[in-house]
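Working notes for the structure below.
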Amino acid sequence: MPTFKFEAVDSKGLLVKDKVEAVSTEEAIDKIHGNGFYPTRVKQLKERHKPATGDQKKRKRSLTSITIGKINAKQINTFTRQLSTLQDAGIPIVQSLTILESQMKKGIFKKILGDMVINIQGGDSLSVAMSKHPKAFDKLYVNVINAGEIGGALDVVLRRLAAYREKMQKLKRKIIASMTYPVAVITIASAILIGIIMFIIPKFATMFEEMDVSLPMITLGLMNVSSFVVTYWYSLFGIPFAFFILYTLIGKIKRCRLVIDRLKFKVPIFGNIINKSVISKFARTLATLISSGVPILEALNNVKGVTGNLAMTKAVENIHDNIREGESIAKPLRESKICEAMVVNMVEIGEQSGELEKMLTKVADNYDDEIDIAVESMISLIEPIMIVFLGGSVGAIVIALFMPLVKLMQSI
């Protein structure tokens, strides 16, 4: 158990210096108060590490052998839900982690849990043990756990955190699903058109050249496009790759990225989904942190890195500055012009009624439902658009190829 060195004042006003053993700083302060002292300074002493047991040595050796590896977000979500269930059952944290570790397949996350068990047995709290593995547990996760430990409601916080991560994962799957269908349709349509341009049109071009037929403008244009694609076929891959590199480099410039992220909200069809997903992430994350007992300013510092949109990050920074100066959340949120008036009004009502986290959760739930509707509408809209585009493109190619043939037949 960790040892804390403290300075305190007794009932007579005399200075007292002593040591006390406790699991955390808060427990040490409680023990000092229990002895009738009023602490002025409490500091944890560095402990000399005891020789590791055989099992601990094995775990340490296995951890030091890890050089590469990736932790799946689904693993963290499952772990959070399982740990929440075990804490609800009243099982001690070390035993809970040991149970979860024993059930996992070999991998980096199993070894991380083993390391956490060793650290907690050595006197670390759960949040401190998690903070040593940022690849598995980000700053937001650690802060929520820390708030649960301080408030003595770790089981409740874990339950909320599990629900939050599951809903965020569900939202992510919705967005990926919404992009998969149109990307697949566009890819197939593009492949068909490129195949026609590269392999069919050149044969017609050779035939027309041998017949010495005068070609209309639409046919000449099509032949020139075909000739360019056949000659510079690598541009089909080079141009998109160059665009991607340029987009990435421009995105690193903060001012340019801010403009790009704002423009994302105005993209036809997709912009509405992007806007709703960003607001849903903001609302649900902030609601989870506030309900878990994280101070509002610290919660906002965590939220600004979650949305993935610099325009929303800027709005959150303005909210943070306003609250620090004693103002409200609603005003900078309204000025950002990212959220609809309904969202701002709900946040304002939540602030006035003292139920901000409930209102933010309702906003997130409403927007998740609207994302479902928007995705379904987008898919139903994209399909006929792509059919018309593909049909129109193939029709234009057929007309361009058959016009010279019709002209040739008429001359004969």
Side-chain angles (χ1 to χ4, degrees), residues 69-85 100 104-105 107-109 134-141 144 157-188 244 247 251 260-261 264-265 267-289 291-292 302-313 316 338-340 343 357 360-383 385-386:
K70 188 178 180 182
I71 300 165
N72 193 336
K74 191 176 179 180
Q75 274 185 306
I76 306 295
N77 296 349
T78 304
F79 161 77
T80 307
R81 176 59 68 187
Q82 290 173 339
L83 185 60
S84 167
T85 303
L100 294 177
M104 285 190 179
K105 295 179 181 178
I108 186 170
F109 193 56
K135 285 187 177 180
F137 307 103
D138 56 24
K139 189 178 176 183
L140 185 148
Y141 197 112
V144 170
V157 164
L158 278 166
R159 192 162 57 247
R160 288 172 181 164
L161 189 58
Y164 161 76
R165 290 187 65 89
E166 286 163 2
K167 286 182 179 179
M168 292 297 286
Q169 188 180 26
K170 187 179 178 183
L171 176 62
K172 187 177 179 180
R173 283 200 301 263
K174 286 176 187 175
I175 295 169
I176 292 172
S178 70
M179 301 297 179
T180 302
Y181 180 78
V183 167
V185 172
I186 291 169
T187 302
I188 293 169
F244 173 76
Y247 176 82
I260 291 169
D261 283 354
K264 285 179 182 177
F265 297 140
V267 175
I269 303 174
F270 295 101
N272 187 38
I273 295 173
I274 293 170
N275 178 267
K276 291 182 186 302
S277 67
V278 166
I279 294 171
S280 176
K281 284 180 183 178
F282 160 76
R284 193 172 300 284
T285 307
L286 186 57
T288 302
L289 289 168
S291 62
S292 300
N302 282 277
V303 170
K304 67 182 181 181
V306 173
T307 60
N309 186 283
L310 193 58
M312 193 69 207
T313 300
V316 174
I338 295 173
C339 302
E340 296 176 352
V343 175
E357 65 272 15
L360 287 169
T361 302
K362 285 182 180 179
V363 168
D365 289 340
N366 289 339
Y367 268 55
D368 285 351
D369 292 338
E370 289 185 23
I371 288 170
D372 282 338
I373 297 168
V375 168
E376 290 174 6
S377 300
M378 182 191 69
I379 291 173
S380 61
L381 183 63
I382 282 179
E383 189 170 359
I385 289 174
M386 291 308 303

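Since the structure is predicted, the reported quantities are computational estimates derived from the model, not experimental observations.
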Exam field: side chain [X] to backbone [Y], donor-acceptor pair closer than 3.5 Å:
{"X": "Ser280", "Y": "Lys276", "result": "no"}
{"X": "Ser291", "Y": "Thr288", "result": "yes"}
{"X": "Asn366", "Y": "Lys362", "result": "yes"}

Residue pair [X] / [Y], side-chain heavy-atom distance below 4.5 Å:
{"X": "Met312", "Y": "Asp261", "value": "no"}
{"X": "Ile274", "Y": "Val267", "value": "no"}
{"X": "Tyr164", "Y": "Val144", "value": "no"}
{"X": "Ser277", "Y": "Ile371", "value": "yes"}

**Message:** With side-chain contact (heavy atoms from CB on, under 4.5 Å) as the criterion, how do Ile338 and Phe282 come out once you've worked through the C-alpha distance, each side chain's angles and the decisive distance to 0.1 Å?
**Reply:** CA-CA 11 Å; Ile338 295 173; Phe282 160 76; over 6 Å; no
**Request:** For Arg159, check side chain to side chain contact (heavy atoms under 4.5 Å, CB included) against everything at least two apart and list the hits.
**Result:**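 Here the qualifying residues are Arg81, Ser84, Asp88, Val156.
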**Request:** Go through the structure and list residues passing side chain to side chain contact (heavy atoms under 4.5 Å, CB included) with Gln169, not counting sequence neighbours.
**Result:**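 In terms of side chain to side chain contact (heavy atoms under 4.5 Å, CB included), with neighbours along the sequence ignored, Gln169 is linked to Lys74, Asn77, Arg173.
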**Prompt:** Any idea how Phe109 and Phe79 line up, ring-wise: parallel (<30°), tilted (30 to 60°), or perpendicular (>60°)?
**Reply:**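 Aromatic pair Phe109/Phe79 classed perpendicular.
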First locate atom [atom1] of [X], then atom [atom2] of [Y], and finally report the distance between them rounded to the nearest 0.5 Å.
{"X": "Arg165", "Y": "Thr285", "atom1": "CZ", "atom2": "OG1", "result": "10.5 Å"}
{"X": "Ile76", "Y": "Tyr141", "atom1": "CD1", "atom2": "OH", "result": "6.5 Å"}
{"X": "Leu100", "Y": "Leu83", "atom1": "CG", "atom2": "CG", "result": "6.0 Å"}
{"X": "Glu370", "Y": "Asp365", "atom1": "CD", "atom2": "CG", "result": "11.5 Å"}
{"X": "Ile260", "Y": "Asn309", "atom1": "CD1", "atom2": "CG", "result": "11.0 Å"}

**Which residues share a side chain to side chain donor-acceptor pair (under 3.5 Å) with Asp138, sequence neighbours left out** =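 Testing Asp138 for side chain to side chain donor-acceptor pair (under 3.5 Å), a comparison that skips the adjacent residues, returns none.
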**Request:** Begin with the C-alpha distance, continue with both residues' side-chain angles, and end with the deciding distance and a verdict on salt bridge (charged side-chain N to carboxylate O under 4.0 Å, His left out) for Arg284 and Asp368.
**Result:** CA-CA 10 Å; Arg284 193 172 300 284; Asp368 285 351; 2.8 Å; yes
Closest contact, heavy atoms only, [X] versus [Y]:
{"X": "Cys339", "Y": "Ile279", "value": "CA-CD1, 3.8 Å"}
{"X": "Ala287", "Y": "Thr361", "value": "CB-OG1, 3.5 Å"}
{"X": "Leu158", "Y": "Thr80", "value": "O-CG2, 3.8 Å"}
{"X": "Asn272", "Y": "Ala374", "value": "ND2-CB, 4.1 Å"}

